[in-house]
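For reference, the structure is listed below as structure tokens.
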Amino acid sequence: MKRSQCVLIADVFYSSNRLLTLSVRNVVFDLFYTFTAALLYAVAFPLLILFSFKKKYRESIPARFFGIKNPPFQSHDIWFHVCSLGEAKAIAPIVEKLRDKRIAISVITHTGYAAASAYAAQVRYLPYEIWLWFWIERPKTVVVLEAEFWYLLFRLARTRGARVIALNARISDRSFPKYYRMRWFYRILLRQCDRIFCQSNEDMVRFIALGATNVEVVGNIKLAQKIISSKTYTKPEGLLIVAASTHEGEEEGILRAFMAYRETNPSAKLLVVPRHPERFGKVGELIERVAPAMSVERWSDSQTIGADITLIDAMGELNNLYAISDVAILGGAFAPIGGHNPLEPAHFGCKIITGEQMFLQRELFKYVSHVQFVGLDGIAEALIHAEELPPSQVNGSVDLQRVSDYLTEK
């Protein structure tokens with residue numbers, strides 16, 4: 001036998017042995033991961049039962065953790081997995097480009113489910129990971145939005161023949177140190193990705209540091225969203241301020257800042273729009289306690305804006321209210337939540353005031369001009385300063401053609 005043939009046989013044997021070793025390691029890790037996830041499930045089981053009676057989780061927990069009314073997808077071409085409302089809305093321009101494809105969408109939250117249901121698509125809650133072994137069949141292309149890094153979703157989709165794509169992928173400044181400490185795990189997870197389309201150069205560098213390959217920057221797909229109002233309301237006289245998507249611990253500071261600002265602008269009015277509908281009642285009580293001298297109305301009672309403060313206790317109205325507001329106090333960033341999408345108020349020309357803890361939306365804020373970042377104690381002064389600022393606007397765009405071309409490749 002010639003030496004070259006011996007070398008070739010040795011190379012084939014070495015490669016085969018290496019692949020077998022890698023395969024065994026993968027199976028061992030898959031089983032270990034599943035066992036750990038099962039233990040967490042067993043520990044959390046009583047809490048899951050308890051929380052399933054809460055209105056917010058009445059559909060999502062039974063579907064995700066107990067498989068109730070949550071069958072596997074029927075045959076489809078492209079499966080999008082999103083988390084909640086924002087990501088479900090963000091995929092609209094891509095879904096529009098894929099009108100000839102059969103679309104499936106999985107979600108985590110009930111607000112995400114409601115938004116995803118507006119598409120011509122199959123919609124399901126994503127089951128807890130241990131159930132994915134029995135739930136995922138043979139998908140063709142799986143597209144995972146932002147930071148929804150579920151190991152068994154990636155792994156099982158890939159091993160059952162799907163291309164796995166991370167879209168609008170991001171790692172925040174706040175999260176990266178935690179990811180990096182666990183880089184051994186994310187190297188295994190990201191190895192399952194065929195392509196990672198990330199939001200920025202900073203994100204690309206972070207993914208590469210975690211061991212990812214096939215990474216490219218396409219920008220933030222939320223820049224391609226069609227932002228529209230569904231209804232037209234009459235703007236009241238005076239300055240109209242909307243406190244949008246507020247969270248626990250933010251409303252009281254905003255209310256007190258508004259009352260202080262009213263001393264210099266008595267005709268100003270405030271709309272309070274809590275992020276989560278289950279808090280409507282609690283926020284209503286807070287407004288009456290903190291601002292007893294002001295007139296207060298609930299949107300569900302009148303659907304008019306005549307009082308000093310109006311609690312918007314309804315869903316789906318925010319863009320309609322941005323369209324008539326002068327200033328938007330954007331919540332989710334005065335507490336360590338990570339902030340909310342500034343593109344919507346900027347599209348309607350609202351002057352934006354938000355908190356300094358907007359770490360999950362930092363990339364989007366790069367595209368919005370005339371934003372004031374303050375703490376709760378700085379809102380009153382920011383309202384005064386807003387009178388001198390021009391309206392906010394969006395400066396930027398994203399080309400989704402690269403993404404849609406890749407998704408439709410055979």
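Given the structure is predicted, the values throughout are model-derived calculations rather than measurements.
Between the R206 side chain and the I171 main chain, a donor and an acceptor come within less than 3.5 Å of each other. S325 contributes a side-chain N or O that, together with a main-chain N or O of L321, makes up a donor-acceptor pair within less than 3.5 Å. Without hydrogens or angle criteria, Q199 side chain to N168 main chain gives a donor-acceptor distance under 3.5 Å. A donor-acceptor pair under 3.5 Å links the side-chain atoms of S392 to the main chain of C350, judged by distance alone. The backbone N or O of G378 sits nowhere less than 3.5 Å from a side-chain atom of E381 that would complete a donor-acceptor pair. Between the side chain of R170 and the backbone N or O of D203 there is no donor-acceptor pair closer than 3.5 Å. Remark: side-chain polar atoms of T408 are paired, donor with acceptor, to backbone N or O of D405 under 3.5 angstrom. Although no hydrogens or angles enter the test, the distance criterion places no donor-acceptor pair under 3.5 Å between the side chain of Y186 and the main chain of G211. Remark: side-chain polar atoms of T354 are paired, donor with acceptor, to backbone N or O of L330 under 3.5 angstrom. In terms of modelled atom types and a separation under 3.5 Å, the side chain of H347 and the main chain of I227 share a donor-acceptor contact.
For the residue pair H81 / S106, a side-chain donor-acceptor distance below 3.5 Å is found, with atom types taken as modelled. At a cut-off of 3.5 Å, with distance as the only test, a side-chain donor of N320 or S230 sits close to an acceptor on the other residue. Side-chain atoms of S172 and R362 form no donor-acceptor pair, as typed in the model, at a separation below 3.5 Å. Inspection of the S229 and N319 side chains reveals no N or O donor paired with an N or O acceptor under 3.5 Å.
To the nearest 0.5 angstrom, I254 atom CD1 is 6.5 Å from L376 atom CG. Between the CG atom in N220 and the SG atom in C198 there is a gap of 10.5 Å [rounded to 0.5 Å]. To the nearest 0.5 angstrom, L156 atom CG is 10.0 Å from F134 atom CZ. Rounding to the nearest 0.5 Å gives a distance of 10.5 Å between CG of N26 and CZ of R158. If you take SG on C83 and CG on L126, they are separated by 10.0 Å, rounding to the nearest 0.5 Å. Between the CG atom of L31 and the OG1 atom of T36 there is a distance of 10.5 Å, given to the nearest 0.5 Å.
Side-chain atoms of W299 and L311, non-hydrogen and from C-beta on, never get closer than 4.5 Å to each other. The shortest side-chain heavy-atom distance between L383 and N265 does not fall under the 4.5 Å cut-off. Proximity of K351 to Q372: side-chain heavy atoms (C-beta onward) are nowhere separated by under 4.5 Å. Side-chain contact between P62 and K69 is absent, with no heavy atoms from C-beta onward closer than 4.5 Å. V82 has its side chain out of reach of E148: every pair of non-hydrogen atoms, C-beta onward, lies at least 4.5 Å apart. Annotation: side chain of L270 is not in contact with side chain of M294 (no heavy-atom distance under 4.5 Å). Counting heavy atoms from C-beta on, the side chains of P139 and T141 never come closer than 4.5 Å. Between L407 and L167, every side-chain heavy-atom pair lies at or beyond the 4.5 Å cut-off.
Nearest heavy atoms, F280 versus R298: O-NH1, 4.2 Å. Of all non-hydrogen atoms in V368 and P342, the two that sit nearest each other are CG2-CG, 4.0 Å. Minimum heavy-atom separation, P72 to E137: CB-OE2, 3.9 Å. Contact record, T111 with S84: OG1-CB, 4.3 Å, taken as the closest heavy-atom pair. When all heavy atoms of N70 and R124 are compared, the pair lying nearest together is OD1-CB, 3.5 Å. Residues T34 and D30 come closest through the heavy atom pair OG1-O, 2.8 Å.
More than 12 non-hydrogen atoms from other residues, nucleotides or ligands lie less than 6.0 angstrom from CD of E252. Around the CD atom of E59, the shell of radius 6.0 Å holds no more than 12 heavy atoms that belong to other residues, nucleotides or ligands. Within 6.0 Å of the CD atom in E388, the count of heavy atoms belonging to other residues, nucleotides or ligands exceeds 12. Within a 6.0 Å radius of NZ in K282, no more than 12 heavy atoms belonging to other residues, nucleotides or ligands are found.
A salt bridge does not link K222 with E363: every distance from a Lys NZ or Arg NE/NH1/NH2 to an Asp or Glu carboxylate oxygen is 4.0 Å or more. Taking the charged nitrogens against the carboxylate oxygens, E216 and R402 do have a contact shorter than 4.0 Å, which makes a salt bridge. A salt bridge is defined here as a Lys NZ or Arg NE, NH1 or NH2 lying under 4.0 Å from an Asp or Glu carboxylate O, and D326 with K269 fails to meet this definition. With salt bridges taken as basic N to acidic carboxylate O contacts below 4.0 Å, one links E344 and K89. Ion pairing between a basic and an acidic side chain is recognised when a charged N comes within 4.0 Å of a carboxylate O; E202 and K366 show such pairing. Of the charged side-chain nitrogens involved, at least one lies within less than 4.0 Å of a carboxylate oxygen, so that E317 and K231 count as a salt-bridged pair. Salt bridge annotation for R279-E251: present, with a cationic side-chain nitrogen under 4.0 angstrom from a carboxylate oxygen. Under 4.0 Å is where a charged nitrogen must lie from a carboxylate oxygen, and between D77 and K140 at least one such pair does.
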CA sep, side-chain torsions, deciding dist, call: F258, I309, side-chain contact (heavy atoms from CB on, under 4.5 Å)
CA-CA 10 Å; F258 173 69; I309 303 174; 3.9 Å; yes
Apply side-chain contact (heavy atoms from CB on, under 4.5 Å) to the pair W150 and V144, showing each step before the final yes or no.
CA-CA 9 Å; W150 300 101; V144 179; 5.9 Å; no
Verdict with supporting geometry, W135 and F73, side-chain contact (heavy atoms from CB on, under 4.5 Å)
CA-CA 8 Å; W135 197 82; F73 289 122; 3.6 Å; yes
Yes or no on side-chain contact (heavy atoms from CB on, under 4.5 Å) for I379 and V374, after CA distance, side-chain angles and deciding distance?
CA-CA 7 Å; I379 293 177; V374 298; 4.1 Å; yes
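Ring geometry, F65 versus Y41: the interplanar angle falls under 30°, so the pair is classed parallel (tilted spans 30 to 60°). The aromatic rings of H76 and W79 lie perpendicular to each other, with more than 60° between the two planes, well past the 30° mark. Between F373 and F365, the angle of the ring planes goes over 60°, which puts this pair in the perpendicular group of the 30/60° scheme. Note on ring orientation: taking the six-membered ring where Trp is involved, the planes of Y151 and Y33 are tilted (angle from 30° to 60°).
Under the side-chain contact (heavy atoms from CB on, under 4.5 Å) test applied with Y128, the options I61, L48, L40 reduce to a single match, L40.
Taking the centre and axis of the six-membered ring of Y406, the NZ or CZ atom of R163 falls inside the cone set by 45° and 6.0 Å. Cation-pi geometry between R183 and Y180 is met: under 6.0 angstrom from the ring centre, within 45 degrees of the axis.
Ring-centre distance between F197 and F207: not below the 6.0 Å cut-off.
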